Amino acid sequence: MDFLNELNKSQLEAVTYTDGPSLVIAGAGSGKTRVLTYKIAYLLTQGVSPASILALTFTNKAAREMRRRIGELVGFQTSRYLWMGTFHAIFSRILRNEASLIGYTKDFTIYDTSDSKSLIKSIIKEMKLDDKIYKPGNIHSRISSAKNNLYTAQDYVKNPDFLKSDIQSRIPRTGEIYAIYANRCKQANAMDFDDLLLQTNILFRDHPQILAKYQHSFAYILVDEYQDTNFAQYLIVKKLAERHERICVVGDDAQSIYSFRGANIDNILKFQQTYRNARLFKLEQNYRSTKNIVKAANSLIDKNSEQIRKNIFSEKEEGNLIQVTSVLTDFEEAFNVANSIARLQKTENLTYSHIAVLYRTNSQSRVMEEALRKQNIPYRIYGGLSFYQRKEIKDVISYFRLVTNSNDEEALKRVINYPARGIGDVTVDKLSSTAQLHGVSIWSVLHDMLKYNLNVNAGTATRLAQFRDMIDVFAAQIDTLDAYELADSIVKTTGVIADAMNDRSAESLSRVDNVQELLKAIHEFSENKRKEEHAETVTLTDFLSEVSLLTDQDTEKDENEDKVTLMTIHAAKGLEFRCVFIVGMEEQLFPSPYAETPREMEEERRLFYVAITRAEENCFISYSKSRFRNGQTNFANPSRFLKDIDRKFLEYNDEVSTTTDKNAFFNRWDDEVEIERNRFRQNSFRPASSEPLKEPAQPRKLKKMSPSTESETPVENTNLPVGTFVKHGIFGIGKVIKTTLADGNEKAEIDFGEKGVKSLLLKFARLEILK
DNA sequence: TGTGGATGCCTTTTT
DNA sequence: GGCATCCACA
């Protein structure tokens with residue numbers, strides 16, 4: 001047990017306390033993973049059987065990494081028997097084992113979010129509701145959050161609160177949709193992501209002997225990132241831990257940033273109320289960052305009221321102050337960052353992979369990419385379309401799904417006419433409504449078209465039968481043929497990518513590549529499983545049961561290349577970089593305008609906390625006066641969160657353009673923007689170093705009016721009659737007193753009160769009309 | 001049954 | 001501005 005020497009006092013205490021429930025509050029960079037892995041290793045060396053340890057994480061990556069590290073400590077022959085994985089992976093495994101008890105078969109499909117939405121959309125259509133009002137995405141998130149809080153469809157329709165809220169939102173029939181959705185999932189032998197947790201709860205609730213079995217078998221339960229658990233997860237863990245009460249949860253309330261996915265920070269805040277005899281361990285030494293960064297982050301998070309107080313400290317050097325830079329435009333911000341990266345990389349003994357650029361929203365990546373490309377700085381961008389979301393991959397996998405589970409309605413709808421085989425929407429609708437009428441799956445209808453009186457012409461019937469028979473041939477081989485061979489045969493026979501194969505365009509080539517990649521992955525999966533588990537045949541069903549729970553982070557390949565990392569702050573949680581740039585530190589962006597309640601605002605602040613604490617040595621923050629977003633230029637003030645950091649940890653840079661490639665930069669700008677730049681300068685609209693954050697009396701957001709292009713008849717006349725009140729970026733609120741036409745340009749005289757009467761060209765002035 | 005032009009919409013997303 | 005989606009048309 002030499003490895004215990006590597007722990008500090010509080011880590012050691014947390015690791016060796018195994019008699020009852022414990023809560024480990026692990027500050028950023030405090031060695032959380034180390035505590036978890038060592039604790040499990042410690043249990044194993046104490047003679048606890050690996051199969052009686054359940055360790056739950058939120059990502060496959062975290063689980064894999066932890067298993068690997070435990071394996072290094074105690075041997076891989078031991079670590080492989082641990083029940084270690086994501087909530088979803090572990091409980092889908094248990095649900096497959098017990099499927100028959102809850103009306104499923106063990107090869108049930110897992111619907112991903114787009115399957116769920118598409119099914120909901122069909123239901124809305126079938127109910128003859130307007131999908132502009134009943135937006136599938138919105139309905140899905142309501143259902144999802146109901147499930148996360150363990151309300152079944154029956155609970156939902158019975159609950160007057162839901163109905164009241166749905167009526168208020170003008171979608172009173174949401175409950176009905178939920179009920180139908182649940183039925184259809186069941187009929188399709190499919191579970192969505194939320195079902196994996198909901199159905200587990202139902203299983204445990206309705207089958208006490210099953211619960212008892214798992215309670216008995218899991219002598220120790222450990223949960224990582226406990227601050228991100230939702231109610232469904234909380235209850236599963238609580239139920240499972242009831243017998244032994246040997247549960248250890250690890251997390252950091254200050255890093256709870258997933259409430260929008262149902263995570264409930266109360267789970268961690270109130271852990272000690274749930275488990276009265278729980279021990280609390282606080283890991284407060286930060287091994288990652290310099291003193292300055294840690295203190296700055298502390299001073300920020302201190303402004304939150306809901307938290308477990310802790311004293312995070314660093315023993316590393318004082319380090320550099322956090323650099324805060326203000327710029328005029330988002331382009332300039334991006335070029336500044338690119339320049340700084342180039343400089344750091346040359347002078348500071350940093351490689352690109354030590355550097356990350358973090359932002360609040362994915363859309364901010366574009367301008368950043370552009371700047372990095374111009375400077376020839378290699379980067380890797382996270383987020384965006386995942387491998388498994390790509391059309392060609394979804395198509396191929398849908399065939400696999402249909403072969404494995406022919407009741408999978410979403411898969412069937414996706415491939416029944418892809419590639420085109422003369423089965424159109426009309427036919428699919430007939431199939432679907434016939435199936436609904438008889439309460440069976442579409443597949444059942446296909447198998448007995450006569451019995452169900454499917455009203456199609458002979459040609460269509462033949463084509464349907466051909467499709468059905470093709471799938472049946474594959475299905476007959478599902479248990480005997482190797483996953484890769486069957487997959488390969490499906491891809492070839494169905495011709496899913498035949499059109500791409502015949503096409504030489506870059507897009508088609510990449511589609512073919514992606515499918516090859518998928519086949520390769522199946523091959524590897526099958527080989528590995530054969531080797532590791534001495535399985536005789538690895539079937540496509542085996543592969544599918546894992547693949548639906550995989551994400552892009554599990555398929556990252558170029559991790560070792562020297563590139564700058566670009567990602568959202570959410571995606572950066574758990575990572576660390578010597579140097580971190582946080583861009584777009586502006587009101588209306590960060591905090592997100594969607595954060596309305598104090599609780600949501602605190603979550604945004606935690607998100608900023610997460611961003612800062614990613615940095616080991618250097619942290620650069622920037623904000624821009626203007627930003628091009630959603631097709632228009634918006635003006636913004638510095639983020640309120642900057643004021644939450646103690647001034648003494650920051651250094652403000654009053655940056656004017658440091659852009660080297662001025663031409664490239666200005667080419668992006670038309671006269672209009674030039675004028676705005678000058679206005680800013682004239683108005684000294686820059687934070688002086690002494691008073692960096694004095695907010696200018698300026699409206700937060702200004703919507704540009706549609707620019708009047710030459711050919712168009714100006715509409716401003718109708719929009720801007722005399723007497724209209726408008727808002728201007730610099731002058732504030734004013735009243736239109738006169739409109740004229742000069743050289744074909746609309747001009748308005750506007751009285752801005754104290755600021756005087758201004759004559760503005762509407763083409764240039766960004767005015768917001770106040771109603 | 002496939003395409004194109006108009007329309008609408010935009011946060012974060014470990015599973 | 002960019003993307004997905006939808007309806008109108010050939």
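In this text, all values refer to a predicted model and were calculated from it rather than measured experimentally. Order of the sequence lines sets the chain letters (A, B, ...), proteins ahead of strands, with each chain counted from 1.
Atom NZ of A:K125 is surrounded by 12 or fewer heavy atoms from other residues, nucleotides or ligands within 6.0 Å. For A:F641, the CZ atom counts as densely surrounded, since its 6.0 Å shell holds more than 12 non-hydrogen atoms of other residues, nucleotides or ligands.
Along DNA chain B, the nucleotide closest to A:N417 and the one closest to A:F260 are compared, and the more 5′ of them pairs with A:N417. Heavy-atom nearest nucleotides on DNA chain B were determined for A:K573 and for A:E604, and the one closer to the 5' end corresponds to A:E604.
Of the options A:T57, A:V249, A:L36, a side chain to side chain contact (heavy atoms under 4.5 Å, CB included) to A:V223 is made by A:V249 and by none of the others.
Between the P atom of B:dT14 and the CG atom of A:D112 lies a distance of 12 Å, rounded to the nearest Å. Atom pair A:R629:CZ and C:dG2:P shows a separation of 16 Å (rounding to whole Å applied). Put simply, CG on A:L196 is 14 Å from C1' on B:dT14, counting in whole angstrom units. Spacing between atom CZ of A:R366 and atom C1' of B:dT11 amounts to 16 Å, rounded to whole angstrom units. If you measure from atom OH of A:Y382 to atom P of B:dT11, you get 23 Å, rounded to the nearest angstrom. Counting to the nearest Å, the C1' atom of B:dT1 and the CG atom of A:D429 are 14 Å from each other. Following rounding to the nearest Å, A:L607 (CG) and B:dT13 (C1') show an atom-to-atom distance of 12 Å. In this structure, A:N630 atom CG and B:dT11 atom C1' are separated by 11 Å, rounded to whole Å.
Within the nucleic acid shown, A:A62 has no heavy atom closer than 4.0 Å to any nucleic acid atom. No engagement by A:I90 is indicated, since no non-hydrogen atom pair under 4.0 Å with the nucleic acid exists. Counting non-hydrogen atoms under 4.0 angstrom, A:S592 reaches a base of the nucleic acid. Nucleic acid contact for A:G574: none, since no nucleic acid atom lies under 4.0 Å from a heavy atom of the residue. Nucleic acid contact for A:F87: none, since no nucleic acid atom lies under 4.0 Å from a heavy atom of the residue.
Stacking of the aromatic ring of A:Y258 onto the base of B:dT13 is not found under the criterion of centres within 5.5 Å and planes under 30°. With its ring centre under 5.5 Å from that of the base six-membered ring and a plane angle below 30°, A:Y594 counts as stacked on B:dT11.
Residue A:N362 places at least one side-chain N or O closer than 4.0 Å to OP1 or OP2 of B:dT13. A close approach under 4.0 Å does not occur between any side-chain nitrogen or oxygen of A:T568 and OP1 or OP2 of B:dT11. Contact annotation: A:K125 does not reach the phosphate of C:dC6 (side-chain N/O to OP1 or OP2, under 4.0 Å).
Of the candidates C:dC6, B:dC10, B:dT12, the closest approach to any side-chain atom of A:H570 belongs to B:dT12. Which of B:dT14, B:dT12, C:dT5 sits closest to the side chain of A:K121 comes down to C:dT5. Distances were taken from every side-chain heavy atom of A:R261 (C-beta onward) to each of B:dT12, B:dT14, B:dT11; the shortest belongs to B:dT14.
Under the 6.0 Å distance and 45° angle rule, A:K391 counts as a cation-pi partner of A:Y418.
A:Q233 contributes atom CD, which lies 5.0 Å from atom CG of A:L197 (distance to the nearest 0.5 angstrom).
Judged by distance alone with a 3.5 Å cut-off, a donor-acceptor contact links the side chain of A:R360 to the base of B:dT12.
Between the side chains of A:S144 and A:D194, at least one donor-acceptor pair of N or O atoms lies under 3.5 Å.
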